[in-house]
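Structure, as structure tokens:
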Amino acid sequence: MVELMLPASGSTASLREGHRSLKLTFAVKLLLVLIAGLVSLVVAIGAALLSRSSDAALPAAVLCGAGAFAVSMTLCLCVMSALGLTG
């Protein structure tokens, strides 16, 4: 069983498996941020398509998608930060 632990102040994020502690490298943290970006991009495209399907103008649909991307990316980064994955 893998247990997610919050890091002590000044230490790096770690995953604890039993009695072993796995440190997250910079590459893994970068991949997590990229995954958050891709999830946010999917949310943004969905929001833009839904906005466009309700007869909104193209600039309004793009703006709606951009807002959805910003909110989704912020939420993903806040959750990862709260879990200690980006610190």
Side-chain angles (χ1 to χ4, degrees):
M1 184 168 107
V2 175
E3 180 182 351
L4 189 58
M5 303 292 294
L6 290 175
S9 61
S11 67
T12 59
S14 65
L15 291 174
R16 197 172 107 182
E17 183 178 347
H19 296 294
R20 297 182 303 165
S21 181
L22 303 172
K23 302 289 183 189
L24 296 180
T25 63
F26 176 75
V28 172
K29 291 177 187 179
L30 182 63
L31 285 174
L32 287 173
V33 171
L34 287 175
I35 289 171
L38 289 175
V39 167
S40 298
L41 184 63
V42 169
V43 169
I45 290 171
L49 288 176
L50 283 173
S51 178
R52 186 72 174 146
S53 70
S54 67
D55 295 332
L58 183 61
V62 170
L63 189 60
C64 180
F69 177 83
V71 169
S72 179
M73 189 67 175
T74 302
L75 179 65
C76 287
L77 290 177
C78 285
V79 168
M80 288 193 312
S81 178
L83 293 174
L85 297 176
T86 57

For the hydrophobic clusters of this structure (ILVMFWY residues joined by side-chain heavy atoms under 4.5 Å, transitively), does one cluster hold both L41 and L49?
yes

Find the distance between CG (L31) and CG (L38) and round it off to the nearest 0.5 Å.
10.5 Å

Checking one residue: V62. Which other hydrophobic residues are in its cluster under the side-chain 4.5 Å linking rule?
L58

Heavy-atom check, side chain of L24 versus side chain of L85, under 4.5 Å:
yes

Shared hydrophobic cluster, V43 / M80 (ILVMFWY, side-chain heavy atoms < 4.5 Å)
no

Please check if V71 and F69 belong to a single hydrophobic cluster, counting links between Ile, Leu, Val, Met, Phe, Trp and Tyr side chain heavy atoms closer than 4.5 Å.
no

For S51, give me all partners under side-chain hydrogen bond (donor to acceptor under 3.5 Å, both in side chains), at least two apart in sequence or on another chain.
none

Answer yes or no: is there a side-chain heavy-atom contact under 4.5 Å between V28 and T25?
yes

Does any non-hydrogen side-chain atom of T74 lie less than 4.5 Å from one of C78?
yes

Mark yes or no for whether S40, through its side chain, and A36, through its backbone, hold a donor-acceptor pair below 3.5 Å.
yes

Output the distance between atom CD1 (I45) and atom CG (L50), rounded to the nearest 0.5 Å.
12.0 Å

Distance check, rounded to the nearest 0.5 Å: L77 atom CG versus T86 atom OG1?
7.0 Å

